[in-house]
J.: 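Let me begin by handing over the structure; questions about it come next.
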Amino acid sequence: MPELSGPAVRLDARVDARDVELALTVREGELLAVVGPNGSGKSTCIQLLAGALRPDSGTVTLGGVVAAGPGVFLPPHRRRIGYLEQRPLLFPHLGVVDNVAFGPRSRGLPAAAARRRAGVELEAVGLAGFGGRRVHELSGGQAQRVAIARALAIDPDLVLLDEPFAALDAAATPELRRLLRERLRGLTTVLVTHDPLDVLALADGVAHLAAGRVVLRDGVDAVFQWPQTRFLADFVGLNLLHGTAEGASAVRLPSGGVVAGLAEVDLRGGGARAVFPPGAVSLFRDAPHGSPRNELPAVVTGVEDRGLVQRVSLDVAGQRIHADVTPSALRELSLGNGDAVVAVVKATQVTLHPAS
Ligand SMILES: Nc1ncnc2c1ncn2[C@@H]1O[C@H](COP(=O)(O)OP(=O)(O)OP(=O)(O)O)[C@@H](O)[C@H]1O
């Protein structure tokens, strides 16, 4: 079979007035998370891809087609892009099914076929039977599901997600993340987010933007274990251990240890990650007897004074985690680099995620 030529998305474009110059590629079927501080260029990135903004120089290539470049500019409706924003922005004068059918219809599908397609998409987001509803009869979470159905009903070449859960109440978010994870499988996607859990649950890779430039492009595991910038370290703020799923509620590390936790999504075997905050880790010189908790043999690789807490960096058989301990606990343990310790974490403080 011939190799697919080039990435699904290639952005290499400059917007003079914003001093934004972004260069990045996204592989076919990859979900790339774009993160960065306020004003770093995340929205500009989305606008360039969507066709809401024309670059002053450079090119935007989508599926091998130049969408923007010297003498070329495809407006949004000529790009096959599924767009999901913080707010669902449904047409208030149309019913649910017509909101979803609008895209396929305006791309030339006959009315009946477009409505059939809309029905399939609504069913896939758990809203079978909601087609006849009015938009104002939906909850915030249901409206966002309709927006997902609408975004995917056009068979997009590229899906853009701009803080898709930011406006939802926290209780609705895990279910929607699960749904998006399932619905986006195999679709090339760019996700802008301020939430590390979105990155964990959805992303294959991460692009870190600062001052209008891509300063780092890395895999999710690497970003969590070895954040290369202060921003990323603060952004992730969580420990991640990579391994393979062991049953429904544990991850087996390559070194052999097992970390039990709580799984939001069915792990289904294969790669899996255990995630927990540094504050959930206690350190001991020797394994505490009879503890039902996760115990991980580790070696101290550094101690950083963070004011109220001391952040201890630990090597767990080649993977890195952090423990936040009080200054007095650190003094009691009198820890130094190279010391062997046992890191203990309660299973209820560990969440487990499938690794894509
Ligand atoms: N409409 C605009 N006109 C001129 N400059 C703009 C405009 N929108 C954004 N900028 C500038 O472009 C740069 C990138 O902004 P952008 O909105 O892309 O950042 P962002 O990462 O999305 O920020 P946030 O997290 O606050 O949404 C910033 O310096 C910003 O001030």
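Each ligand, and each atom within it, is numbered from 1 in the order the structure gives.
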J.: Under the criterion side-chain hydrogen bond (donor to acceptor under 3.5 Å, both in side chains), I'd like the reasoning laid out for His77 against Ser106: C-alpha separation, chi angles, the key distance, then a yes or no.
T.: CA-CA 9 Å; His77 66 272; Ser106 54; over 6 Å; no

J.: Show the atoms of ligand 1 that are less than 4.0 angstrom away from any heavy atom in Thr44.
T.: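 Numbered from 1, ligand 1 contributes 14 (C), 15 (O), 16 (P), 18 (O).
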
J.: Assess, by modelled atom type and distance only, whether the side chains of Asp305 and Gln310 contain a donor and an acceptor separated by less than 3.5 Å.
T.: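 Per modelled atom types, Asp305 and Gln310 side chains form a pair under 3.5 Å.
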
J.: Could you check atom 26 (O) of ligand 1 against the protein and tell me its nearest heavy-atom contact, residue, atom and distance included?
T.: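 Nearest neighbour among protein heavy atoms for atom 26 (O) of ligand 1, to 0.1 Å: Asn38 OD1, 3.3 Å.
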
J.: Considering only heavy atoms, which of His194, Arg18, Gln47, Lys42 lies nearest to atom 9 (C) of ligand 1?
T.: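 Shortest heavy-atom distance from atom 9 (C) of ligand 1: Arg18.
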
J.: With a 4.0 Å cut-off on N to O distance, would you call Arg311 and Glu304 a salt bridge?
T.: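 Glu304 and Arg311: not salt-bridged.
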
J.: I need the single residue from Arg107, Arg80, Arg117 that forms a side chain to side chain donor-acceptor pair (under 3.5 Å) with Asp155. Which is it?
T.: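 Going through the options one by one, the only one that passes is Arg117.
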
J.: So Asp162 and Lys42, salt bridge (Lys or Arg N to Asp or Glu O under 4.0 Å) or not? Walk me through it.
T.: CA-CA 9 Å; Asp162 193 354; Lys42 304 182 296 296; over 6 Å; no

J.: Using heavy-atom distances only, which candidate in Gly41, Ser40, Gly39 approaches atom 23 (O) of ligand 1 most closely?
T.: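 That would be Gly39.
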
J.: Does Arg150 make a cation-pi contact with Phe102, if we ask for NZ or CZ under 6.0 Å from the ring centre and within 45° of the axis?
T.: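 Pair Arg150/Phe102 does not count as cation-pi.
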
J.: Going by heavy atoms, is Pro37 under 4.0 Å from ligand 1?
T.: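 Contact check Pro37 vs ligand 1: positive.
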
J.: Mark whether atom 14 (C) of ligand 1 lies under 4.0 angstrom from at least one protein heavy atom.
T.: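 Yes, there is a protein heavy atom closer to it than 4.0 Å.
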
J.: Give the residue, atom name and distance (to 0.1 Å) of the protein heavy atom nearest atom 27 (O) of ligand 1.
T.: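 Closest protein heavy atom to atom 27 (O) of ligand 1: Ser43 OG, 3.6 Å.
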
